[in-house]
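Just so you know, ligand 1 is whichever comes first in the structure, and atom 1 is the first atom listed for that ligand. We count residues from 1, following the sequence as given.
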Amino acid sequence: MLIIQNFAVLEGGDGSGTTTQIGFLRERCAARGQKSPHIHLTFEPTGGPVGTMIRAVLRGETGLLPETCARLFAADRNEHLYAKGGVAERSGRGELVVSDRYVLSSLVYQGLDCGEDLPWALNRAFPGPELLLFFDLDPAEAMERIRSRPGRDRYERLDFQIRVRERYLALLPEFERSGVRVVRIDAARPPGEIADEVWSALGTLPIMNQ
Ligand code: TMP
């Protein structure tokens, strides 16, 4: 698999805290000021036109076939990666890009929704990240966190989240074999501790040590 250097992703089931950690990173980056490298924080589904459509589907406002959703996630990713100011351009010019979710989310979630073949076909051409941080959390605990939030997305059900964790654990070794460095984060720990661990993991990337 082709790897994009200077690109790290956070992956995990719903409620595992990846978005919270992007928030911690944002604070850390603000405190760091103009230091090099610039760290660009981003997420999927994106805030672009395709990502916005996906969010409406996730909230249950629009009904689309699972196969259509799989294609939308891939289309959104293509924009995220290759549009002007996207992941490829930024990482290529020496920024560190950190994304909340990427290809593995599609292989896991859409793999469960519409079978493995279509998500693989739609995503196999995307390059891998240099580093993948997997947020591992007991799905029952994740559901407790989700229940304390307003609203509920389409995938936020215990039975589905149990299968999501199983799929992540099954697919991670394949990613490792294809050259992606994988770090498992115990997502049950206090968010501040996790933030330190995320920061140290990012600190091991060559771009952070130039
Ligand atoms: P979020 O909760 O991290 O904002 O992600 C939104 C939901 O979208 C989450 O349930 C995971 C799901 N998702 C997919 O199903 N496939 C994908 O490719 C991505 C990026 C997210």
Ring centre gap for F7 and Y102 strictly below 6.0 Å: yes

For ligand 1, which atoms, with element, lie under 4.0 Å from some heavy atom of E44? 20 (C)

Hey, does the side chain of Q21 reach the backbone of P191 with a donor-acceptor pair shorter than 3.5 angstrom? yes

Please work out, at 4.0 Å between heavy atoms, whether the side chain, the backbone, both, or neither of T18 comes within that distance of ligand 1. neither

For ligand 1, which is the ligand I care about here, please tell me if R77 has any N or O atom under 3.5 Å from one of the ligand's N or O atoms. yes

Determine whether more than 12 heavy atoms belonging to other residues, nucleotides or ligands lie under 6.0 Å from atom CD of E193. yes

Tell me whether the guanidinium CZ or amine NZ of R101 lies under 6.0 angstrom from the six-membered ring centre of F43 and within 45° of its axis. no

Minimum distance, heavy atoms only, to atom 21 (C) of ligand 1: which one of Y109, F43, F73, Y155 is it? F73

Heteroatom proximity flag, Q110 to ligand 1, N/O under 3.5 Å: yes

Heteroatom distance test (R101, ligand 1): nitrogen or oxygen, under 3.5 angstrom: yes

What's the shortest distance from atom 8 (O) of ligand 1 to any protein heavy atom, and which residue and atom give it? L58 CD1, 3.5 Å

Got an N/O contact under 3.5 Å between Y102 and ligand 1? no

Exactly one of E95, M208, E130, R93 clears side chain to side chain contact (heavy atoms under 4.5 Å, CB included) with N6, and that residue is E130

Please confirm whether S106 comes within less than 3.5 Å of ligand 1 when only nitrogen or oxygen atoms on both sides are compared. yes

For residues E11 and S105, is any side-chain donor paired with an opposing acceptor at under 3.5 Å? yes

Looking only at protein heavy atoms, identify the closest one to atom 10 (O) of ligand 1 and say how far it is in Å. D14 OD2, 2.7 Å

R55 contact mode with ligand 1 (heavy-atom cut-off under 4.0 Å): side chain

Do other residues, nucleotides or ligands put more than 12 heavy atoms under 6.0 Å from D117 CG? no

Exactly one candidate in I39, V183, L25 meets side chain to side chain contact (heavy atoms under 4.5 Å, CB included) with L202; the answer is L25

